[in-house]
Amino acid sequence: MSRAFFARAATVVAQQLLNKILVSADGRAGRIVEVEAYLGAVDPASHTFRGRTLSNAVMFGPPGHMYVRFTYGMHWCCNCVSGPVGGGCGVLIRALEPLHGLEQMRAVRPRITRDRDLCRGPARLTEAMGISGIQNGIDLVGASEGFTIVDDGMAPPRNPVGGPRIGISQGKDLPLRWSVPGNRHVSGTASQQH
DNA sequence: ATGACGATTGAG
DNA sequence: TCAATCGTCATA
């Protein structure tokens, strides 16, 4: 399997995830507007680059499951495993446009003043949606534990915005970050915003 | 056993 | 620009 193959496969899944809706166990929901693909063994930025460990095991499992990772000693990040089984590939969900349950989101994120910022960033959205290590490994397709990704009929953007991934020290060369054009709920650095 | 480093965020 | 904060993993 070539690096190009993994890049293309994960990129397809990542782009297809745009405009789908992530729903929490208690009905909070947001439209996925920004994602990043991670390619496993061929990708130095991937948590699975150095092989399987206790904490990243979910990424080597079946696609459609949620991989949740604790980072910076205080934040959680949420991924959708993209397969194939054993590949260690996945899609990091980086931003949601809040749709339902905003009252609960505001309640758990009291310091966020603008609704636009509730799910703008990978750690912000996990807190707003009530996602933590407890959900690591759950099936997002079967929705056996409440969390799921649903399709309300809105197609993925025909021309998603592509660019380098954020917050990584290696693997910055590939354009594996994808977002919905013009969406105000997409995250980014101050210079990239405006 | 230990140290370096993170798929970030919020404050100054 | 920089501190907060601690689990994980490579190295010894």
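Convention: sequence-line order gives letters A, B, ...; per-chain numbering from 1. The model shown is predicted, which means the values in this text are computed figures rather than measured ones.
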Visitor: Please confirm whether the backbone N or O of A:Val81 pairs with a side-chain atom of A:Asn79, one donor and one acceptor, at under 3.5 Å?
Guide: no
Visitor: Measure the OG-CE distance between A:Ser24 and A:Met105 for me, rounded to the nearest 0.5 Å.
Guide: 7.0 Å
Visitor: What is the nucleic acid contact for A:Phe49, judged by heavy atoms within less than 4.0 Å: base, sugar-phosphate only, or nothing?
Guide: nothing
Visitor: Does C:dT8 have OP1 or OP2 sitting under 4.0 Å from an N or O in the side chain of A:Arg69?
Guide: no
Visitor: Side chain of A:Tyr38 only, heavy atoms from C-beta on: which candidate in B:dA7, B:dA11, C:dA4 is closest?
Guide: B:dA7
Visitor: Starting at CZ of A:Arg120 and ending at P of B:dT8, how long is that distance when rounded to a whole Å?
Guide: 14 Å
Visitor: Please examine the side chains of A:Val85 and A:Pro63, heavy atoms only from C-beta on, and report whether any two atoms are closer than 4.5 Å.
Guide: yes
Visitor: Starting the side chain at C-beta, find the nucleotide from B:dA7, C:dA4, C:dC9 nearest to A:His47.
Guide: B:dA7
Visitor: Is the distance from OP1 or OP2 of B:dA7 to the nearest side-chain N or O of A:Arg177 less than 4.0 Å?
Guide: no
Visitor: Any idea which of C:dG7, B:dG10, B:dA7 is nearest the A:Phe70 side chain?
Guide: C:dG7
Visitor: Using modelled atom types only, decide if a donor and an acceptor are shared between the side chain of A:Arg165 and the backbone of A:Gly171 within a distance under 3.5 Å.
Guide: yes
Visitor: Side chain of A:Ser55 only, please: which of B:dA7, C:dC9, B:dG10 is the nearest?
Guide: C:dC9
Visitor: Please report, rounded to the nearest Å, how far the P atom of B:dG10 is from the CZ atom of A:Arg114.
Guide: 11 Å
Visitor: Please report the interatomic distance CG(A:Asn19) to CD1(A:Ile32), rounded to the nearest 0.5 Å.
Guide: 9.0 Å
Visitor: Identify, between A:Gln170 and A:Ala123, the residue whose nearest nucleotide on DNA chain B lies closer to the 5' end.
Guide: A:Gln170
Visitor: For A:Ser46, report the nucleic acid contact type (base, sugar-phosphate, nothing); a contact means any heavy atom under 4.0 Å.
Guide: nothing
Visitor: Rounded to whole angstrom units, what separation is found between the NZ atom of A:Lys172 and the P atom of B:dG6?
Guide: 10 Å
Visitor: Rounded to the Å, how far apart are A:Leu125 CG and B:dT9 C1'?
Guide: 13 Å
Visitor: Going by heavy atoms in the side chains, are A:Thr48 and A:Tyr67 under 4.5 Å from each other?
Guide: no
Visitor: Give none if B:dG6 has no partner; otherwise give the nucleotide forming a Watson-Crick or G-U wobble pair with it, both distances under 3.5 Å.
Guide: C:dC6
Visitor: NA contact type, A:Ile168, heavy-atom cut-off 4.0 Å: base, sugar-phosphate, or nothing?
Guide: sugar-phosphate
Visitor: The side chain of A:Arg50 lies closest to which of these nucleotides: C:dA4, B:dG10, C:dA10?
Guide: C:dA10
Visitor: Return the value, rounded to whole Å, for the distance between atom CE of A:Met59 and atom C1' of B:dA7.
Guide: 10 Å
Visitor: Rounded off to whole Å, could you give me the CG-to-P distance for the A:Asp117 and B:dA11 pair?
Guide: 12 Å
Visitor: Using the side-chain heavy atoms of A:His75, tell me which of these nucleotides is nearest: C:dT5, B:dA11, B:dT9.
Guide: B:dT9
Visitor: Counting side-chain heavy atoms from CB outward, which of B:dA7, B:dG6, B:dT9 is closest to A:Arg124?
Guide: B:dT9
Visitor: Between B:dT9, B:dG10, C:dC6, which one does the side chain of A:Pro122 approach most closely?
Guide: B:dT9
Visitor: In this structure, how many angstroms lie between the C1' atom of C:dT8 and the OH atom of A:Tyr67, rounded?
Guide: 10 Å
Visitor: In whole Å, what is the span from the CH2 atom of A:Trp76 to the P atom of C:dG7?
Guide: 9 Å
Visitor: Pick base, sugar-phosphate or nothing for A:Ala45, based on heavy-atom distances below 4.0 Å to the nucleic acid.
Guide: base
